[in-house]
Amino acid sequence: MSIKVVRLADVHRAELHELLLAENWTQLAKELQEDGLQVFTQYVALVEGHVAGWLEGTLRYETDMTVSGFPIPWAQVNYVLTHPSMRRKGVAGELLRRFAHDEGQAGRRFMVLWPDRRDDSSGRLAFFSAYGFQPVPGTELLGAGLRRVLTGPAGTH
C-alpha cells in the first residue's frame, strides 16, 4: 500500500468532509464546508487517490505561550485523523513525518500537541509516544523533537 501525503486542495475537500462527519467532528466539517480551515497548514494522506487521513498544524510564535523545554518558535499539531479502515497502516505516521519535515525545513526543532483524551485514549497516547512525544511538565501537552518524529517508531525510518 502506498501512502502519498500532500497539501490539502479543493479536490480533497468533499472526501475530507465525509471523513470528519464519520468521526463525529461535526464542527470541523461545518468549518470546512463554509470554506474555513484555511488558516493553518493542512495535509491529507492519499491511498489509491482517496483521502485516508488528515493533519492540521501551525507555527507558534514568540507572542504565544511558552512551553518548558521547547524554545519558540515550535510547530503545533492541531488535529490528526485517520479513516477507521486505514488505522494501523502508517497513515498518521506519514502525516506526522511530512509535517515535521516541512517544519524542520522552515527552521523549527520541536513539535507539540494536545492529545485527544475522549473515550479510551491509550492507543492514541501509545502512537504519539512511539514518535517520541512525551508529557510536557505543567501542561496537558505532549512534545517531541522533530528529529525524533522524523525517525518514526523505534527508529524504523
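Note that the structure is a prediction, hence the values are computed from the model and not measured.
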Which atom of Tyr131 lies closest to which atom of Ala144, heavy atoms considered: O-CB, 4.2 Å
Qualifying residues under side chain to side chain donor-acceptor pair (under 3.5 Å), relative to His101, sequence neighbours excluded: none
Distance (rounded to the nearest 0.5 Å) between Thr82 OG1 and Leu55 CG: 9.5 Å
Qualifying residues under side chain to side chain contact (heavy atoms under 4.5 Å, CB included), relative to Val6, sequence neighbours excluded: Lys4, His12, Val44, Leu46
Under the ring-ring contact (aromatic ring centres under 6.0 Å, His included) test, residues paired with Phe99 that sit two or more places apart: none
Considering all heavy atoms, the nearest Leu19-Pro84 contact: CD1-CD, 4.3 Å
Side chain to side chain donor-acceptor pair (under 3.5 Å) partners of Thr26, counting only residues at least two apart: none
Under the side chain to side chain contact (heavy atoms under 4.5 Å, CB included) test, residues paired with Ala52 that sit two or more places apart: Val47, Met86, Val91
ring-ring contact (aromatic ring centres under 6.0 Å, His included) involving Phe128 - partner list, sequence neighbours excluded: Phe133
From Leu146 atom CG to Arg148 atom CZ, the distance as rounded to the nearest 0.5 Å: 12.5 Å
All side chain to side chain contact (heavy atoms under 4.5 Å, CB included) counterparts of His17, not counting sequence neighbours: Leu21, Ala29, Leu32, Gln33
Check: Phe127 and Leu96 side chains under 4.5 Å, non-hydrogen atoms: yes
Salt bridge (charged side-chain N to carboxylate O under 4.0 Å, His left out) partners of Arg87, counting only residues at least two apart: Glu23
From CD (Glu31) to CG (Leu20), nearest 0.5 Å: 10.0 Å
Side chains of Phe110 and Val136 in contact at under 4.5 Å (non-hydrogen atoms): no
Any Leu125 side-chain heavy atom under 4.5 Å of Leu142 side chain: yes
Contact summary for Gly53 and Leu95, nearest pair of heavy atoms: C-CD1, 3.7 Å
Partner residues of Arg147 under the side chain to side chain contact (heavy atoms under 4.5 Å, CB included) criterion, sequence neighbours left out: none
Approximate separation, where rounding is to 0.5 Å, of Arg98 CZ and Thr41 OG1: 10.0 Å
Rounded distance (nearest 0.5 Å) linking atom CG of Asp102 with atom CZ of Arg97: 13.5 Å
Side chain proximity check, Glu103 to Met111, heavy atoms < 4.5 angstrom: no
Contact summary for Ile3 and Ala45, nearest pair of heavy atoms: CG2-CB, 4.0 Å
Donor-acceptor under 3.5 Å (Glu15 side chain, Val51 main chain): yes
Any Gln76 side-chain heavy atom under 4.5 Å of Val112 side chain: yes
